[in-house]
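What follows is a single structure, written as structure tokens, with notes after it.
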Amino acid sequence: MKVKIKCWNGVATWLWVANDENCGICRMAFSKVPGDDCPLVWGQCSHCFHMHCILKWLHAQQVQQHCPMCRQEWKFKE
Ligand SMILES: [Zn+2]
Ligand SMILES: [Zn+2]
């Protein structure tokens with residue numbers, strides 16, 4: 001009798017969404033940002049990014065500006 005062991009490389013270890021500790025654009029932890037000239041900003045979809053990351057992202061959008069995480073229209077939370 002042959003026994004096959006299937007390799008299962010944890011697909012579930014990679015968390016893409018609902019992660020409040022890492023910037024969804026540069027993947028850097030919010031707590032490990034070098035320098036203090038990088039404020040965090042929130043969108044109305046409640047996703048959070050580094051200010052310089054979201055500005056760079058929005059600048060690259062040609063038509064509609066949307067959140068890189070959930071694809072909703074991006075609006076800065078006041
Ligand atoms: Zn970032
Ligand atoms: Zn979002």
Side-chain angles (χ1 to χ4, degrees):
M1 183 176 174
K2 285 181 181 177
V3 177
K4 268 191 178 179
I5 298 175
K6 287 184 180 176
C7 235
W8 189 260
N9 291 320
V11 192
T13 55
W14 189 252
L15 296 174
W16 281 95
V17 289
N19 189 337
D20 291 334
E21 296 176 3
N22 294 75
C23 174
I25 299 172
C26 69
R27 305 282 171 198
M28 294 257 287
F30 289 135
S31 55
K32 289 178 183 172
V33 179
D36 49 16
D37 57 342
C38 180
L40 303 179
V41 290
W42 277 262
Q44 289 195 342
C45 61
S46 80
H47 282 122
C48 180
F49 304 98
H50 298 118
M51 172 74 93
H52 68 264
C53 288
I54 193 65
L55 288 179
K56 196 174 163 187
W57 167 265
L58 293 177
H59 193 70
Q61 305 304 303
Q62 300 295 325
V63 185
Q64 190 192 23
Q65 298 187 328
H66 58 265
C67 173
M69 297 294 278
C70 65
R71 304 276 160 180
Q72 286 184 57
E73 185 182 356
W74 178 267
K75 280 176 185 165
F76 284 100
K77 203 169 185 177
E78 294 296 323

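In listed order, ligands and their atoms are each counted from 1. We count residues from 1, following the sequence as given.
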Side chain Gln61, main chain Trp57, donor-acceptor under 3.5 Å: yes

Aromatic ring pairing Phe76/Trp74, orientation class (parallel under 30°, perpendicular over 60°, tilted between): perpendicular

Shell of protein N/O/S atoms around the Zn ion (ligand 2), taken as anything under 2.8 Å: Cys45 SG, His47 ND1, Cys67 SG, Cys70 SG

Inter-residue atom distance Ser46.OG - Met69.CE, 0.5 Å rounding: 10.0 Å

Criterion side-chain contact (heavy atoms from CB on, under 4.5 Å) against Val41, the qualifying member of His47, Lys77, His50, Met51: Met51

Validation row: Ile54, Pro68 side chains within 4.5 angstrom (heavy atoms): yes

pair Glu73-Gln64: side-chain heavy atoms closer than 4.5 Å: yes

Working for side chain to side chain contact (heavy atoms under 4.5 Å, CB included), residues Cys67 and Phe49: CA-CA 10 Å; Cys67 173; Phe49 304 98; 3.9 Å; yes

Angle, SG of Cys53 through the Zn ion (ligand 1) to SG of Cys26 - 10° precision: 110°

Angle, SG of Cys23 through the Zn ion (ligand 1) to ND1 of His50 - 10° precision: 100°

